[in-house]
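Only heavy atoms go into these numbers, but all of them, side chains included; no hydrogens, no water, no symmetry mates. Numbering of residues begins at 1 and proceeds along the displayed sequence. Note that the structure is predicted; figures quoted are calculated from it, not measured.
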Amino acid sequence: ELHDNVGQLLTAAQLGLMRHFGEMDNDLAFQEILRLMELSIDEVSQMGRAMNSDFWKQRDLFEAIVLEASRLERIGAFVVHVQQRDEADGLSEHARIMLYRAFQEVIRNAMKHANANLINISLKSNPFEVVIADNGKGFDVNDRKDGSGIKNILQRTSLVGIEAVLISNDNGTIWKFKMK
């Protein structure tokens with residue numbers, strides 16, 4: 001749905017701009033707009049594939065996180081460092097989906113609320129642990145009102161037997177996902 005609907009709308013808008021304004025090879029701003037639309041179309045396509053449940057039959061969580069880290073760097077959202085100690089996560093398909101959605105929410109919060117520009121990710125399977133740390137503004141975890149994002153992270157991880165630990169201060173926020 002995402003790829004078919006939003007991707008198609010972006011492609012139609014891009015083609016409409018090109019038809020209406022022509023190529024405008026000498027207009028650097030217009031060429032940059034077309035380039036950004038092309039990147040948007042590619043990103044929507046990749047997101048659509050990542051959301052497809054068949055994706056999780058072929059890829060593990062660590063691979064998906066590394067791909068997302070590359071995407072985040074490509075679009076200029078963050079500088080992302082990934083330290084991967086193991087090749088495979090050893091999780092069920094359901095656990096992979098839940099943890100990837102929790103990971104996405106952590107990243108979304110770092111982008112939306114923390115104004116972070118650096119993300120450090122550590123991945124290991126034995127014992128299982130995913131650590132996501134940002135350099136954003138952080139917040140007082142004892143004085144927080146759990147928004148839907150934090151509740152979603154805690155609920156999704158709990159559903160698959162993963163403990164989610166949240167640490168935040170002036171230096172940023174750290175999420176640790178580990179086996180209970």
Side-chain angles (χ1 to χ4, degrees), residues 2-3 43-180:
L2 180 66
H3 176 264
E43 291 301 321
V44 167
S45 178
Q46 287 183 21
M47 287 170 48
R49 283 193 299 271
M51 292 173 74
N52 185 337
S53 62
D54 289 339
F55 175 85
W56 298 105
K57 291 179 175 130
Q58 301 167 359
R59 300 225 169 111
D60 71 13
L61 176 67
F62 293 172
E63 184 178 358
I65 288 174
V66 169
L67 288 171
E68 182 64 9
S70 296
R71 187 183 77 79
L72 291 167
E73 280 206 312
R74 251 191 347 269
I75 64 173
F78 302 106
V79 172
V80 184
H81 299 287
V82 179
Q83 180 183 34
Q84 185 174 353
R85 295 195 184 117
D86 303 305
E87 290 298 315
D89 60 47
L91 300 171
S92 71
E93 181 180 330
H94 179 66
R96 289 175 181 155
I97 293 169
M98 290 292 112
L99 289 173
Y100 187 70
R101 298 292 178 246
F103 167 78
Q104 287 177 310
E105 189 66 43
V106 168
I107 297 300
R108 193 171 14 263
N109 287 344
M111 291 171 69
K112 185 175 179 181
H113 304 295
N115 298 320
N117 62 9
L118 174 66
I119 301 284
N120 289 306
I121 302 169
S122 172
L123 308 168
K124 69 178 183 172
S125 64
N126 194 10
F128 179 85
E129 183 179 67
V130 173
V131 179
I132 308 144
D134 71 53
N135 69 340
K137 62 183 177 179
F139 58 95
D140 182 353
V141 295
N142 296 317
D143 188 33
R144 73 176 197 262
K145 294 181 177 110
D146 286 352
S148 63
I150 291 174
K151 286 179 184 174
N152 285 340
I153 293 166
L154 296 171
Q155 183 180 33
R156 284 182 169 145
T157 55
S158 178
L159 285 172
V160 292
I162 299 291
E163 178 184 11
V165 178
L166 170 61
I167 303 165
S168 189
N169 57 41
D170 292 340
N171 298 321
T173 300
I174 301 170
W175 278 95
K176 294 182 182 180
F177 301 154
K178 55 187 181 177
M179 288 291 176
K180 289 184 179 180

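Screening residues 118-135 for side chain to side chain donor-acceptor pair (under 3.5 Å) gives D86-S125, N117-N135 as the qualifying pairs, with residues at least two apart or on separate chains. Sequence neighbours left out, the pairs with a member in residues 107-117 that pass salt bridge (Lys or Arg N to Asp or Glu O under 4.0 Å) are E105-R108.
Put simply, the side chain of I162 reaches to within 4.5 Å of the side chain of L99, judged on heavy atoms. Two residues are said to be in side-chain contact when any heavy atoms from C-beta on lie closer than 4.5 Å; H113 and F139 fail this criterion. A 4.5 Å side-chain heavy-atom check between V79 and E73 finds at least one atom pair inside the cut-off. Within the 4.5 Å cutoff, the side chain of I167 has no heavy atoms near those of the V141 side chain. At least one side-chain heavy atom of F78 sits under 4.5 Å from a side-chain heavy atom of I107. Using a 4.5 Å cut-off on side-chain heavy atoms (C-beta onward), F62 and V130 make contact.
Screening V106, I121, V131 for a side-chain contact (heavy atoms from CB on, under 4.5 Å) with W175, the sole residue that qualifies is V106.
The minimum heavy-atom distance between K178 and V165, with the atom names listed, is CE-CG2, 4.1 Å.
Between H94 atom NE2 and L159 atom CG the span is 6.0 Å, to the nearest 0.5 Å. Taken from CD1 in I132 to CG in L166, the straight-line distance is 11.0 Å, to the nearest 0.5 Å. Note: I65 CD1 to D89 CG = 8.5 Å, rounded to the nearest 0.5 Å. Between the CD atom in E93 and the CE atom in M98 there is a gap of 10.5 Å [rounded to 0.5 Å].
Residues forming a side-chain hydrogen bond (donor to acceptor under 3.5 Å, both in side chains) with T157 (at least two apart in sequence, or on another chain): none. By the side chain to side chain contact (heavy atoms under 4.5 Å, CB included) test, V66 pairs with V82, Q84, L123, sequence neighbours left out. Judged as a side chain to side chain contact (heavy atoms under 4.5 Å, CB included), and not counting sequence neighbours, the contacts of S70 are R74.
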